[in-house]
**Q** 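The structure follows.
Chain identifiers are assigned alphabetically (A, B, ...) following the order of the sequence lines, protein sequences preceding nucleic acid strands; residue numbering begins at 1 within each chain.
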Protein chains: 2
Amino acid sequence: MDAHESSFEEAPTLDQARRQIRHYGLDSDPQAVLVAVRLMAAGARLGQASEVHFSRFGLSTGRYRLLADLEDSEGEKSPSLLAASLGVSRATVTGLIDSLERDGLVLRRPSARDGRASVVVLTARGAQKLRDLAPDHFRRLQAMVAGLSVEERTVFLDLLSRVTRGIGALTER
Amino acid sequence: MDAHESSFEEAPTLDQARRQIRHYGLDSDPQAVLVAVRLMAAGARLGQASEVHFSRFGLSTGRYRLLADLEDSEGEKSPSLLAASLGVSRATVTGLIDSLERDGLVLRRPSARDGRASVVVLTARGAQKLRDLAPDHFRRLQAMVAGLSVEERTVFLDLLSRVTRGIGALTER
DNA sequence: TCCATATAGTTAGGTTCCTAATTACAAGCC
DNA sequence: GGCTTGTAATTAGGAACCTAACTATATGGA
């Protein structure tokens, strides 16, 4: 434990945003900037916490998501489709499958229809792994958002998806 | 462009969450789970977009944050304090400083008071780099959250910080 | 004063993701 | 039918983090 050694961190502050914007003589809205920066910080922290969480079960976030996605697809799916639905590159999926296959949680079969393709199949052990971690996993997810009421969660989902749609503003042009 | 080749993705769905929870015979709230999962997905996407964004200026997210933090501290700060305020490990800060120093954006000075410590100083070139990217950077951040009204952003900040406080639920015990 | 313990910074090695290039097969067009 | 172009999966190499172990200096008792 080194990087997140304290619980503090209302890390980037509205005042900091204000100061920066003024310093550069810009007319941006400090609050808007703060929203963006806080969301980035939250995302980074959550990503790290997620890795810690899944490492308890010998998985990583990516490997868990792949298993869960497979389960959701009746236990089989091609690497390409997995990459698309997980939102990662096909190269990354190759690596995830490699390690899951080593652990016996999935296996690769050549596709019957397409000589280039293969099919990733969830093994009994993979399905069991998902069953084993489900109670703890879902309990923790729920605990994480327990600070919000049902109505607040609805609002949050709406606002989050609208900010998410704006992420393209960072990369475009 | 491979991983985020489409604009789709209201990726994890309430129905998916419901199905999973039912499948494992749990009594978790699907909506709560959805909030957690969506936030993780948003964080990951935002993190990647952020790297793309800063790479336009020859920086990474981490290197930019270090520079901005330095600027906010009158241009100098120790590696340890930088690590603490950036929320990354000291080893990571060492690497960030190495590359920033190579580019002439910061420099290392031994601390006068503490023989173990050093002080990282923002160079004129580092300060110039920040000035150069500020207009585009803040414009994009603002564009990202432009889909929310001022009131909505206030609500979002509140809800986000409350969820952020719950992140510990993933790692504790 | 001396020694145990703590802290600052770095190094070594591992993880997760990425892009670009490679190999194999598929499919449309002349 | 043969050729070009497209797609599936992998490989190779890189970037950004991490933890653990190391070196050097500081500090606070006995």
**Q** With sequence neighbours excluded, what pairs up with A:Gln142 under the side chain to side chain contact (heavy atoms under 4.5 Å, CB included) test?
**A**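 Side chain to side chain contact (heavy atoms under 4.5 Å, CB included) list for A:Gln142, sorted by chain: B:Ser28, B:Asp29, B:Ala32.
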**Q** Check the phosphate of C:dA8 against B:Ser78, side-chain N and O only, distance under 4.0 Å to OP1 or OP2. Yes or no?
**A**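 B:Ser78 to C:dA8 OP1/OP2: no side-chain N or O under 4.0 Å.
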**Q** To the nearest Å, give me how far apart CZ (A:Arg108) and P (D:dA8) are.
**A**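 In whole Å, D:dA8 P and A:Arg108 CZ are 16 Å from each other.
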**Q** Tell me every residue that passes ring-ring contact (aromatic ring centres under 6.0 Å, His included) with B:Tyr64, counting only those two or more places apart in sequence or in another chain.
**A**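 B:Phe54, B:His137.
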**Q** Can you list, by residue number, the residues of residues 112-121 of chain A that have a non-hydrogen atom closer than 4.0 angstrom to DNA chain D?
**A**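 Contacting residues: A:Arg116, A:Ala117, A:Ser118.
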**Q** Which residues within residues 55-71 of chain A lie with some heavy atom under 4.0 Å of an atom in DNA chain C?
**A**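 Going residue by residue through residues 55-71 of chain A, the ones with a heavy atom under 4.0 Å of DNA chain C turn out to be A:Ser60, A:Gly62, A:Arg63.
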**Q** Using the 3.5 Å cut-off, write out each protein N or O paired with an N or O of nucleotides 2-4 of chain D and the distance between them.
**A**
none

**Q** Does either side chain, that of B:Gln128 or that of B:Arg131, offer a donor lying less than 3.5 Å from an acceptor on the other one?
**A**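 Yes - a donor-acceptor pair under 3.5 Å links their side chains.
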**Q** Verify the contact: side-chain N or O of B:Gln48 to OP1 or OP2 of C:dC18, cut-off strictly under 4.0 Å; return yes or no.
**A**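 Yes, because at least one side-chain N or O of B:Gln48 sits under 4.0 Å from OP1 or OP2 of C:dC18.
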**Q** For A:Phe138, what residues pass the ring-ring contact (aromatic ring centres under 6.0 Å, His included) criterion, not counting sequence neighbours?
**A**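 If we apply the ring-ring contact (aromatic ring centres under 6.0 Å, His included) test to A:Phe138, skipping adjacent residues, there are no hits.
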**Q** Check the distance between C:dT16's P and A:Phe54's CZ and give it to me in whole angstrom.
**A**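 For the pair A:Phe54 CZ and C:dT16 P, the rounded distance is 12 Å.
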**Q** Can you list the residues that meet the salt bridge (Lys or Arg N to Asp or Glu O under 4.0 Å) rule with A:Arg108, with sequence neighbours excluded?
**A**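 A:Asp98, A:Glu101.
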**Q** Base, sugar-phosphate or nothing for A:Thr92? Non-hydrogen atoms, less than 4.0 Å.
**A**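 Base contact.
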**Q** Rounded to the nearest 0.5 Å, what separation is found between the CG atom of A:Leu67 and the CG atom of A:Asp103?
**A**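 A:Leu67 CG to A:Asp103 CG: 9.5 Å, rounded to 0.5 Å.
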**Q** Please give, in whole Å, the distance from C:dC18 P to B:Arg45 CZ?
**A**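 So the two atoms are 13 Å apart, to the nearest Å.
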**Q** Run the salt bridge (Lys or Arg N to Asp or Glu O under 4.0 Å) test against A:Arg109 and tell me which residues pass, sequence neighbours left out.
**A**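 Expected list: A:Glu76.
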**Q** Indicate yes or no: does A:Asp158 engage A:Arg162 in a salt bridge with an N to O separation below 4.0 Å.
**A**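 Counted as a salt bridge, because a side-chain N and a carboxylate O are separated by less than 4.0 Å.
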**Q** Heavy atoms from C-beta onward define the side chain here; which of C:dT19, C:dG9, D:dA8 lies closest to that of B:Thr94?
**A**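 So the side chain of B:Thr94 is nearest to C:dG9.
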**Q** Can you give me the closest heavy-atom contact between B:Gly62 and B:Leu96, atom names plus distance?
**A**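 For B:Gly62 and B:Leu96, the tightest heavy-atom pair comes out as O-CD1, 3.8 Å.
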**Q** Side chain to side chain contact (heavy atoms under 4.5 Å, CB included) with A:Val37: which residues, sequence neighbours excluded?
**A**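 Scan of A:Val37 (side chain to side chain contact (heavy atoms under 4.5 Å, CB included), adjacent residues dropped) gives A:Pro12, A:Val33, B:Leu141.
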**Q** Under 4.0 Å between a Lys/Arg side-chain N and an Asp/Glu carboxylate O for B:Arg140 and B:Asp136?
**A**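 Here B:Arg140 pairs with B:Asp136 in a salt bridge, since their nearest N and O are under 4.0 Å apart.
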**Q** Send over the distance from A:Leu96 CG to C:dC17 C1', rounded to a whole Å.
**A**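 That distance rounds to 9 Å.
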**Q** Taking salt bridge (Lys or Arg N to Asp or Glu O under 4.0 Å) as the test, write out the residues that go with B:Asp27, two or more places apart.
**A**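 Salt bridge (Lys or Arg N to Asp or Glu O under 4.0 Å) check on B:Asp27 returns nothing, list empty.
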**Q** To the nearest 10 degrees, what angle separates the axes at the start and end of the helix from C:dT1-D:dA30 to C:dC30-D:dG1, five pairs each?
**A**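 Terminal axis comparison yields 0°.
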**Q** Atom CD of A:Glu51 and atom P of C:dG14: how far apart are they, to the nearest Å?
**A**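 Answer to the nearest Å: 18 Å.
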**Q** Which whole-number value in Å describes the distance from B:Arg90 CZ to D:dA20 C1'?
**A**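 Interatomic distance, CZ of B:Arg90 to C1' of D:dA20: 11 Å.
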**Q** What is the distance, to the nearest angstrom, from the CG atom on A:Leu86 to the P atom on C:dC18?
**A**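 Interatomic distance, CG of A:Leu86 to P of C:dC18: 10 Å.
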**Q** Considering only C:dC18, D:dA9, C:dA8, which nucleotide approaches the side chain of A:Ser80 most closely?
**A**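 Closest of the options to the side chain of A:Ser80: D:dA9.
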**Q** Indicate the atoms forming the closest heavy-atom contact of B:Ala42 with A:Leu160, along with that distance.
**A**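 Scanning both residues completely, I find the closest heavy atoms to be CB-CD1, 4.0 Å.
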**Q** Salt-bridge test for B:Lys129 and B:Asp132: reply yes if a basic N is under 4.0 Å from a carboxylate O, no otherwise.
**A**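 Answer for the salt bridge query: no.
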**Q** Identify, between B:Val93 and A:Leu81, the residue whose nearest nucleotide on DNA chain D lies closer to the 5' end.
**A**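 The residue mapped nearer the 5' terminus is A:Leu81.
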**Q** Measuring from the side chain of A:Ala91 (C-beta onward, heavy atoms only), which nucleotide among C:dA12, D:dA8, D:dT11 has the closest atom?
**A**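 Looking only at heavy atoms from C-beta outward on A:Ala91, the closest nucleotide is D:dT11.
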**Q** From CG of A:Asp98 over to C1' of C:dC17, roughly how many Å is that when rounded to an integer?
**A**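 Atom CG in A:Asp98 sits about 14 Å away from atom C1' in C:dC17.
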**Q** What pairs with A:Glu51 under salt bridge (Lys or Arg N to Asp or Glu O under 4.0 Å), at least two apart in sequence or on another chain?
**A**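 Per chain and number, A:Glu51 pairs via salt bridge (Lys or Arg N to Asp or Glu O under 4.0 Å) with no residue.
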